[in-house]
Amino acid sequence: MTKDKILVIGASGQIGVELTMALREIYGNNNVVASDLREENPLLKGSGPYVSIDVMNKEMLHVQVIRQNITQIYLLAAILSATGEKNPGLAWHLNMQGLLNVLDIAREENIQKVYWPSSIAVFGPTSPRQNCPQQTIIEPTTVYGISKYAGEFWCNYYNMKYGVDVRSIRYPGLISYKSAPGGGTTDYAVEIFHDALEDKKYESFLNEDTYLPMMYMPDAIRATIELMEAPKDRISVRTSYNVAGISFSPKEIAAEIKKHIPDFEITYKPDYRQQIANSWPQSIDDTVARNDWGWKHEYDLAAITDDMLKNLPELIK
Ligand code: NAD
């Protein structure tokens with residue numbers, strides 16, 4: 001059997017840092033190669049190999065995959081929802097071509113497994129707002145959502161046509177304290193903790209009653225690894241799995257923070273991200289992921305708030 005050697009593309013980002021660290025724990029530091037367009041994230045320094053890769057440069061990527069004897073690829077490089085609306089052309093180009101480059105190389109080099117995340121942003125205003133099912137009306141209205149939905153079908157196509165074992169999750173908004181979020185509509189749920197600790201106040205760019213599906217990073221990392229380690233015959237969805245954590249609004253997260261910081265105050269000044277948030281479901285039905293590979297989230301809002309307020313002060317000192 002070939003020894004697993006993993007390449008993480010976009011390893012310096014919000015998910016990349018924590019996923020790389022988790023994979024290094026499982027597969028061994030030297031068997032997980034971190035890569036990114038920007039410099040190595042300080043949290044990863046010294047813990048394993050790092051190479052500079054632009055996923056848009058297919059030849060450079062191909063050479064690295066061969067040189068490093070890569071057997072699995074995790075592709076995390078993308079332009080996120082809010083940034084994507086500011087530069088739609090770039091978002092489409094990177095999110096599509098980056099994925100196609102990886103899928104092509106995976107096919108040519110017989111890569112064992114590929115991971116590529118989609119997002120709840122595939123859903124649009126015509127999708128059910130509550131408990132949005134795996135298969136439903138999907139008419140995204142952001143360029144990010146359009147790119148993710150198209151990407152899901154490219155994954156499905158490469159699996160059906162060429163047998164590439166590519167797996168995917170539609171992440172909800174992710175909350176983490178280790179690395180900063182990268183320009184998504186749910187970033188407020190991370191910023192609020194930083195501002196609560198530093199200034200005891202936060203101005204939210206979403207209205208108080210904007211409910212969105214969210215997940216704590218440890219749950220997201222566990223979901224990713226559980227999906228990737230599931231036996232092939234348990235994977236019935238080759239587009240992307242709905243995976244749910246919890247749903248809450250800015251008002252609810254503020255109330256939870258107030259339990260720890262009583263004089264914390266929140267104000268609301270919705271901007272262009274409100275419109276993006278309004279187009280997404282408020283909650284997600286993840287029955288298919290639960291039945292196929294046993295997914296179950298652990299962290300609720302109280303546990304997330306507790307953990308964020310306990311760990312963040314160390315990092316922002
Ligand atoms: P991020 O923006 O924090 O990280 C992305 C990383 O990719 C960055 O470090 C960036 O430098 C790198 N990158 C950009 N262009 C590159 C290129 N051409 N070549 C190589 N690297 C490049 O994003 P994230 O939050 O870690 O998201 C990772 C994936 O998860 C993305 O596909 C995103 O769409 C998806 N996702 C994230 C969330 C979330 O809440 N964070 C929710 C749903 C889906």
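Just follow the structure's listing: the first ligand is 1, and inside any ligand the first atom is 1. Nothing fancy with the numbering, it's 1 onward along the sequence. When reading the values below, keep in mind they use all heavy atoms of this one structure, side chains included, and skip hydrogens, waters and symmetry mates.
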May I ask you to check whether [X] and [Y] show a side-chain donor-acceptor distance below 3.5 Å?
{"X": "Y211", "Y": "E252", "result": "yes"}
{"X": "Q14", "Y": "S176", "result": "yes"}
{"X": "Q97", "Y": "N101", "result": "yes"}
{"X": "Q72", "Y": "Q112", "result": "no"}
{"X": "S12", "Y": "N41", "result": "no"}
{"X": "N156", "Y": "R238", "result": "no"}
{"X": "E139", "Y": "T126", "result": "yes"}
{"X": "S168", "Y": "S240", "result": "yes"}
{"X": "Y202", "Y": "E191", "result": "yes"}

Considering heavy atoms of the protein only, find what lies nearest to [atom] and give residue, atom and distance to 0.1 Å.
{"atom": "atom 2 (O) of ligand 1", "result": "G182 CA, 3.6 Å"}
{"atom": "atom 22 (C) of ligand 1", "result": "A77 CB, 3.4 Å"}
{"atom": "atom 23 (O) of ligand 1", "result": "L80 CD1, 3.5 Å"}
{"atom": "atom 15 (N) of ligand 1", "result": "L94 CD2, 3.6 Å"}
{"atom": "atom 19 (N) of ligand 1", "result": "V55 N, 2.9 Å"}
{"atom": "atom 21 (N) of ligand 1", "result": "L37 N, 3.3 Å"}

Open item on the list: If I take atom CG from residue L23 and atom CD from residue E25, how far apart are they, to the nearest 0.5 angstrom?
Closed with: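 It comes to 10.5 Å.
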Pairs of nitrogen or oxygen atoms closer than 3.5 Å, one from [X] and one from ligand 1: do any exist?
{"X": "G13", "value": "yes"}
{"X": "D36", "value": "yes"}
{"X": "L174", "value": "yes"}
{"X": "I15", "value": "yes"}
{"X": "R38", "value": "yes"}
{"X": "Q14", "value": "yes"}

If the contact criterion is a heavy-atom separation under 4.0 Å, does [X] count as touching ligand 1?
{"X": "Y144", "result": "yes"}
{"X": "S179", "result": "no"}
{"X": "S35", "result": "no"}

List every atom of ligand 1 that sits less than 4.0 Å from any heavy atom of [X], numbering the atoms from 1 in the order shown and giving each element.
{"X": "A78", "value": "31 (C), 32 (O), 34 (O)"}
{"X": "G173", "value": "40 (O)"}
{"X": "L76", "value": "5 (C), 28 (C), 29 (C), 31 (C), 32 (O)"}
{"X": "I53", "value": "19 (N), 20 (C)"}
{"X": "S119", "value": "43 (C), 44 (C)"}
{"X": "D54", "value": "17 (C), 18 (N), 19 (N)"}
{"X": "P172", "value": "40 (O), 42 (C), 43 (C)"}

Task: Ring-face cation contact, Y115 with R167, 6.0 Å cut, 45° max - done: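 Verdict for Y115: no cation-pi partner in R167.
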- [ ] Side-chain contact test, heavy atoms from C-beta onward, threshold under 4.5 Å: evaluate it for Y299 versus I246 and give yes or no.
- [x]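 When only atoms from C-beta onward are counted, I246 and Y299 do not touch, as no gap falls below 4.5 Å.
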Open item on the list: Applying the side chain to side chain donor-acceptor pair (under 3.5 Å) criterion to R290, which one of D286, T287, D292 satisfies it?
Closed with: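 When D286, T287, D292 are each tested with R290, the side chain to side chain donor-acceptor pair (under 3.5 Å) holds only for D286.
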Task: Nonpolar side-chain network containing L80, other nodes, edges under 4.5 Å - done: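 Besides L80, the hydrophobic cluster comprises Y144, listed by chain and residue number.
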TODO: Specify side chain, backbone, both or neither for K148, according to which of its non-hydrogen atoms lie closer than 4.0 Å to ligand 1.
DONE: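 It is the side chain that touches ligand 1; the backbone stays farther off.
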Task: Within reach of ligand 1, part of A121 (heavy-atom separation under 4.0 Å) - done: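 Neither; nothing of A121 gets under 4.0 Å from ligand 1.
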